[in-house]
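A short write-up of the structure that comes next.
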Amino acid sequence: MSDRDAYLYQKSIPAPKLAQAEFPEVGAKENTENGKLFASTPPKLTIQQFMGGDMSMLPTPLVYTPSSPNMATRSPVESSFPGAPTSARSKKDYGMLNSPTAEMFNRSHILEDKQRILSEYAPHSALAPATASSLSQRIASLPGEDRKLDTLEEVLESTANETYTPESLSPGTDGVLTAYAIKDSSKALKLRKMEQIGVGNFSDVYLYEPVDLNETSVSKVAVKCVKYPEALTLSSSPKSPRYREVLSRVERSLTREIEALVGISHPCIIELLAINDLTFVNSKRPLSSRDLTHGLPPCEMVMSYCAGGDLFELASQNVLPKWLLRRIFTELVLAIKYLHENLIVHRDLKLENVLIKYPLETLLEMHESEKSLASHHIVELADFGLCRRIEPEEMCTTRCGSEDYVSPEILMGVPYDGRLSDTWALGVILYALLEERLPFDPLPTAVPGKRQRRSSVAHRISRFEWRWLKLADSDSPAKQIVASCLNRKNQRFDIQKIYENPYVHEIVPTLKFIQ
Ligand SMILES: Nc1ncnc2c1ncn2[C@@H]1O[C@H](COP(=O)(O)OP(=O)(O)OP(=O)(O)O)[C@@H](O)[C@H]1O
């Protein structure tokens with residue numbers, strides 16, 4: 001396998017999720033449990049526990065594997081080896097992403113090659129596909145699923161067919177979805193499926209358009225279809241404790257995301273426009289309160305559509321002009337500032353969850369006519385599956401997030417301020433945009449097999465082990481933000497301080513869409 005193939009191969013892996021040790025009720029107060037946690041011996045993490053390890057070595061590692069039945073190459077077993085079945089799309093097509101004139105937002109193309117960059121954005125020989133570490137990167141977590149994987153074999157076994165998407169039961173089959181507007185539930189929208197545009201650990205995302213093209217209330221929309229864990233299929237008994245436990249966690253995750261989205265309104269945050277089944281909005285128990293004898297009901301969330309894809313894809317092209325990088329980061333800061341001011345923590349900030357409203361080519365054109373860019377937002381923050389409402393002084397205890405973005409205090413398993421863990425992740429994002437690599441990856445200069453390569457991301461995070469490479473000699477004010485975010489929690493910038501930094505603050509007045 002060539003370096004490029006290895007690079008493209010990695011592109012097909014969604015970012016892994018960290019374990020979640022617990023998943024409290026929507027609105028439940030985690031600090032009630034904090035007391036207990038503090039009272040007992042706080043979990044101590046020694047460096048050794050992470051040595052050469054991966055996230056499965058964290059206490060209570062959990063697995064939940066992306067494995068959409070629609071995605072031919074998503075099984076790690078199948079696609080890990082040369083000669084494994086590949087999709088209809090040739091991997092060479094990925095080169096289209098680098099062409100500004102290409103139809104780069106033909107989302108189904110991007111999907112096949114959506115790269116999980118384990119190390120630097122640039123390919124290197126350390127990205128060997130079938131290694132234990134690359135496989136472990138595919139492990140994601142289902143909140144609260146308490147299962148430990150120790151060996152590579154267990155990882156492989158556990159990753160086969162672990163999720164499924166129920167067939168839509170909405171009237172009018174053949175890709176036509178009926179959804180009810182959140183703001184006016186009496187309004188039913190009929191939408192036609194166009195193509196798949198995204199895949200996450202817990203959902204497949206499709207582009208839809210109104211069946212009636214004269215429909216003016218929506219145009220193109222993204223529909224997020226929830227994938228349920230295989231443990232909840234018809235073959236499992238709904239009465240078994242295991243089924244009920246998984247069901248309850250999935251239900252809480254879903255209601256949490258939907259409840260948050262319904263209550264949030266900010267231009268730089270994804271909008272939940274409609275849903276196929278209003279029970280998911282109106283009930284706290286949209287799954288367990290029903291008769292599930294015939295399986296789980298589909299959950300299809302109709303969201304605002306971001307034609308530019310996610311920031312991971314954009315950043316992977318390494319073509320982001322400085323002004324655009326600054327603008328994107330500023331809008332992201334505005335979104336987080338809004339959330340934190342409203343006492344919501346996101347807890348899963350990462351490049352993949354920052355969506356870009358327009359294709360790069362359009363953004364560049366808009367930049368030419370400065371006026372038009374200033375009046376439109378270009379970022380929408382997505383994926384609120386791990387978000388949480390907090391009290392002003394409340395600490396969180398749920399260990400969650402995505403591997404490269406998780407703060408040291410979450411890794412340590414101690415109660416943490418969700419807002420400061422969000423700003424840590426913002427530091428990771430800004431570093432990644434500026435340096436075109438993730439801060440806690442092995443240094444590109446590290447020799448394979450030597451200590452720096454062998455030690456895990458978690459190990460480097462817990463030691464605050466990152467450094468400037470490309471920007472080593474630059475005096476960009478953005479560097480101060482990164483340095484103050486990827487820092488100990490008592491010295492870390494909160495969102496207000498990031499907002500007040502000239503790198504962000506100076507351009508806020510130019511953004512007409514928030515004035
Ligand atoms: N509104 C949208 N417009 C365009 N693309 C989208 C939209 N929503 C999601 N996507 C694409 O689908 C991917 C998965 O979406 P999302 O992160 O919401 O799913 P998830 O299952 O919750 O993911 P995760 O694995 O992070 O939990 C995103 O990374 C993005 O590429």
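Just so it is clear, the values below take in all heavy atoms, side chains as well, and ignore hydrogens, waters and symmetry mates. Just follow the structure's listing: the first ligand is 1, and inside any ligand the first atom is 1.
- We find that K227 and D204 are joined by a salt bridge, their nearest charged nitrogen and carboxylate oxygen being less than 4.0 Å apart.
- A salt bridge is absent between K220 and E209; no separation between the charged side-chain nitrogens and carboxylate oxygens falls under 4.0 Å.
- Remark: among candidates V199, L311, D310, the nearest residue to atom 31 (O) of ligand 1 is D310, based on non-hydrogen atoms.
- Annotation for ligand 1: atoms under 4.0 Å from non-hydrogen atoms of G200 are 14 (C), 19 (O), 20 (P), 21 (O), 23 (O), 25 (O).
- A salt bridge is absent between E251 and R290; no separation between the charged side-chain nitrogens and carboxylate oxygens falls under 4.0 Å.
- Annotation for ligand 1: atoms under 4.0 Å from non-hydrogen atoms of I197 are 4 (C), 5 (N).
- Residue contacts with ligand 1, taken as heavy atom pairs separated by less than 4.0 Å, involve V205 solely via side-chain atoms from C-beta onward.
- Counting heavy atoms under 4.0 Å from ligand 1, residue K224 touches it through the side chain alone.
- Inspection of the T423 and R419 side chains reveals no N or O donor paired with an N or O acceptor under 3.5 Å.
- The closest donor-acceptor contact from the side chain of D422 to the backbone of V345 lies at 3.5 Å or more, if one exists at all.
- Note: no N/O pair closer than 3.5 Å links G198 and ligand 1 by distance alone.
- Numbered from 1 in the order shown, with element, the atoms of ligand 1 that lie under 4.0 Å from a heavy atom of S203 read 19 (O), 20 (P), 21 (O).
- In this structure, S304 counts as a contact residue of ligand 1, since one of its heavy atoms falls inside 4.0 Å of the ligand.
- Formation of a donor-acceptor pair under 3.5 Å by the S283 side chain with backbone atoms of F280 is not found in this model.
- Taking every heavy atom of I270 and a limit of under 4.0 angstrom, the matching atoms of ligand 1 come to 1 (N).
- Judged by the 6.0 Å and 45° rule, K193 forms a cation-pi pair with Y206.
- Using a 4.0 Å cut-off between heavy atoms, A382 makes no contact with ligand 1 at all.
- Side chain of S203 to backbone of K224: no donor-acceptor contact under 3.5 angstrom is found.
- Considering both main-chain and side-chain atoms, F202 comes within under 3.5 Å of ligand 1 through a nitrogen or oxygen pair.
- Close approach to L355 involves these atoms of ligand 1, each under 4.0 Å from a residue heavy atom: 1 (N), 2 (C), 3 (N), 6 (C), 7 (C), 8 (N), 30 (C).
- Close contacts between ligand 1 and E352 involve ligand atoms 28 (C), 29 (O) [criterion: under 4.0 Å to a heavy atom].
- Here is the list of ligand 1 atoms found below 4.0 Å of a heavy atom in A222: 1 (N), 2 (C), 3 (N).
- In this structure a side-chain-to-backbone donor-acceptor pair under 3.5 Å is present from K357 to Y305.
- Judged by a 6.0 Å distance limit and a 45° cone about the ring axis, R389 is not positioned over the six-membered ring of F384.
- Close contacts between ligand 1 and N353 involve ligand atoms 17 (O), 26 (O) [criterion: under 4.0 Å to a heavy atom].
- Looking at K350 against ligand 1, only its side chain comes within 4.0 Å, counting heavy atoms.
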